[in-house]
**Q** 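Structure below; questions to follow.
Quick note: numbers below take in every heavy atom, side chains included, and nothing from hydrogens, waters or symmetry partners. Per chain, numbering begins at 1; letters A, B, ... match sequence-line order.
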Amino acid sequence: MKVSYYPGCSLHATGKEYDQSMKAISRALNIELKEVDDWSCCGASSAHATNFDLSIALSARNLILAEKDAMDVMVPCAACFNRFKTAEHHLKADKDLKTKIEGVVGAKYQGGIAIRNPIDILYNDIGIDTLEKKAVKPLKGLKPVSYYGCLLLRPPEVCEFENYENPFMLDKMMAAIGADVKMWSYKTDCCGGSLAISKTAIVVDMCDKLMSAAKEADANCVVTACPLCMANLDMRPSEGMKLPIFYFSELIALAMDLPGAADTFKSHIFDPRPLLTELGLI
Amino acid sequence: METFLEEVNKKIHGAPLQRCYHCRKCTAGCPMAAHMEYNPNKVIKMIQNGQRDKVLNSSTIWMCLSCETCITRCPNQVDIASMMDALRQMAIQNGTVREANVLKFHESFLAGMKFGGRINEPMMMVQYKLKSGDYFSDAMLGLDMFLKGKLALLSPRTKDMKSVRNIFEKTKLR
Ligand code: SF4
Ligand code: SF4
């Protein structure tokens, strides 16, 4: 299959492991990615927290550019995904707003392409069976809890993702590649990422709470699909509370034994290599 | 004259706030309720009571994480997260921002975007540090990230910057 690809700013910087591993597994699973031409930032929380029209227009600019390629657009970053789905929701529901925003952007919005997170593409289009077959190096001994956070799921009428209080696609994918996925009830709790820089002390507590819940569930790592959660959980927990945090795509690349699959681990702030070495996975 | 409730309702692009029957489910699930001056549903009550100054001066609206747990669980589709967005926007226009650093962070982020179309994280952090005067927190973390190649100093810019700046210009708050 072929899809448009919107990396967003995070995947070019703090979330570069996500970009690298997503590209690697897409290649190996025959998903051809075509980057959206001349994309710009989605505006993230700073736009919507301060100016509604700006937030919709910034996302609309990118959706309109993606529409030129007339393919579904893969949006790995949960924050960009949430902003695009929100813009789509409002542009489709409110004709006056659509006219106004088209005036601001200077182009027409058709609304004809699907905005998709790679979890949905891998689970629904590629399938669990394929993942299982391709996992030549099952992740034996790895015990992740899956962490979805907020932005993929909420609000459900906008994100149209899956079971928003107890999602399972990530869990099933991780089980398919041989991990011993642990159950916990914090899959969709917020990690506080949006205030990590301006309200750090509160956010450290939130991260610590998640880490202790993961440990209580007998997990030895956390798997996520959000670069904001990743950065936050990788950096903010107190000393002694930390666990290795992975993008799901890094773990799929590792299980598929793709060349260079271990390269992304060295840029994590909390080094996951001691755990992976101990388990004989790298 | 327009009431405060009508004014907010117009800006939330969803169900009107009078749908709220104060069951407090939003507050029960809000991860920040313990750190807020007024609970999420209390803010609705205050808006209904017309307490404009108190609401727009409160720190609550800046403590909201936009996690959208409240709207997800509300039995009446009351969109508190959008309400918080609208209230922040009104507080900026009103010149009454209680949590200056939260706004400074957003401003640094948007300034970076206006400059290159995409966010250059080190530049954004320097901007934020200059604006907030909070120079030293996270310095070691920043160094660690830099050494690990996470903070790219030269991220490619959007080429058609005119279209991006145009969006900022045309949506400027007045
Ligand atoms: S959950 Fe909805 S109805 Fe209940 S108090 Fe909150 S906003 Fe009101
Ligand atoms: S969006 Fe804001 S008010 Fe709603 S639950 Fe999250 S932090 Fe609380």
**Q** When you measure from the side chain of B:Glu6 to the backbone of B:Thr3, do you find a donor-acceptor pair of N or O atoms at a distance under 3.5 Å?
**A**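 Answer holds: yes.
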
**Q** Most heavy-atom pairs under 4.5 angstrom with chain A, which of B:Ser66, B:Cys67, B:Ser163?
**A** B:Cys67

**Q** Have a look at A:Cys9 and tell me which of A:Cys77, A:Cys41, A:Ser40 forms a side chain to side chain contact (heavy atoms under 4.5 Å, CB included) with it.
**A**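 One option only clears the test, and that one is A:Cys41.
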
**Q** Hey, is A:Lys187 close enough to A:Glu165 for a salt bridge, meaning N to O under 4.0 Å?
**A**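 Salt bridge absent between A:Lys187 and A:Glu165.
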
**Q** Can you tell which part of B:Leu103 gets under 4.5 Å to a heavy atom of chain A, answering side chain, backbone, both or neither?
**A** side chain

**Q** Any idea which of A:Leu58, A:Val105, A:Leu97 has the most non-hydrogen atom pairs under 4.5 angstrom with chain B?
**A**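 Option with the greatest count: A:Leu58.
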
**Q** Check A:Asp53 with B:Lys172, please: is the shortest side-chain N to carboxylate O separation under 4.0 Å?
**A**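 Salt bridge between B:Lys172 and A:Asp53, a charged N being under 4.0 Å from a carboxylate O: no.
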
**Q** When you check the gap from the basic side-chain N to the acidic O, do B:Arg165 and B:Glu169 get nearer than 4.0 Å?
**A**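 No.
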
**Q** Surrounding NZ of B:Lys54 (heavy atoms of other residues, nucleotides or ligands, distance under 6.0 Å), is the total greater than 12?
**A** no

**Q** I'd like to check A:Cys226 versus A:Tyr147 (side-chain heavy atoms, cut-off strictly below 4.5 Å). Are they in contact?
**A**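 Result no, sub-4.5 Å side-chain heavy-atom pair not found.
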
**Q** If you tally heavy-atom pairs under 4.5 Å against chain A, which of B:Arg88, B:Lys159, B:Lys170, B:His13 wins?
**A**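 Of the candidates given, the most pairs with chain A belong to B:His13.
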
**Q** With chain A, which of B:Gln77, B:Met161, B:Met63, B:Lys11 has the greatest number of heavy-atom pairs at distances under 4.5 Å?
**A**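 Highest number of heavy-atom pairs under 4.5 Å: B:Met63.
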
**Q** Under a 4.5 Å cutoff for heavy-atom pairs, which residue among A:Gly8, A:Gly106, A:Gly43 has the most contacts with chain B?
**A** A:Gly43

**Q** Sort B:Met32 into side chain, backbone, both or neither according to what part of it lies under 4.5 angstrom from a heavy atom of chain A.
**A**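 Just the side chain, heavy atoms under 4.5 Å.
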
**Q** Is it the side chain or the backbone of A:Asp37 that comes within 4.5 Å of chain B heavy atoms, both, or neither?
**A** neither

**Q** So what's closer than 4.5 Å to chain B heavy atoms on A:Tyr164: side chain, backbone, both or neither?
**A** side chain

**Q** Quick one: does NZ or CZ of B:Arg157 land under 6.0 Å from the six-membered ring centre of B:Phe115, within 45 degrees of the ring axis?
**A** yes

**Q** Given heavy-atom pairs under 4.5 angstrom as the criterion, report whether the side chain, backbone, both or neither of A:His48 touches chain B.
**A**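 Contact with chain B is through both the backbone and side chain of A:His48.
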
**Q** Looking at A:Glu102 and A:Lys98, is any side-chain nitrogen of the basic one under 4.0 Å from a carboxylate oxygen of the acidic one?
**A**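 Yes.
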
**Q** Side chain from CB out, backbone as N, CA, C, O: work out which of these in B:Glu99 comes under 4.5 Å of a heavy atom of chain A, or both, or neither.
**A** side chain

**Q** Could you tell me which of A:Cys150, A:Ala60, A:Pro155, A:Ser194 has the largest number of non-hydrogen atom pairs under 4.5 Å with chain B?
**A**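 Top option by heavy-atom pairs under 4.5 Å: A:Pro155.
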
**Q** Looking at B:Asn41 and B:His22, would you say the former's side chain and the latter's main chain have a donor-acceptor pair under 3.5 Å?
**A** no

**Q** If you count heavy-atom pairs within less than 4.5 Å of chain A, which of B:Asp79, B:Asp160, B:Ile61, B:Ile71 leads?
**A**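 Highest number of pairs under 4.5 Å: B:Asp160.
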
**Q** Is B:Ile92 in contact with chain A via its backbone, its side chain, both, or neither, using a 4.5 Å heavy-atom distance?
**A**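 Only the side chain of B:Ile92 comes within 4.5 Å of chain A.
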
**Q** Who among B:Lys104, B:Gln89, B:Met90 has the most heavy-atom pairs with chain A under 4.5 Å?
**A**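 Maximum pair count with chain A is reached by B:Gln89.
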
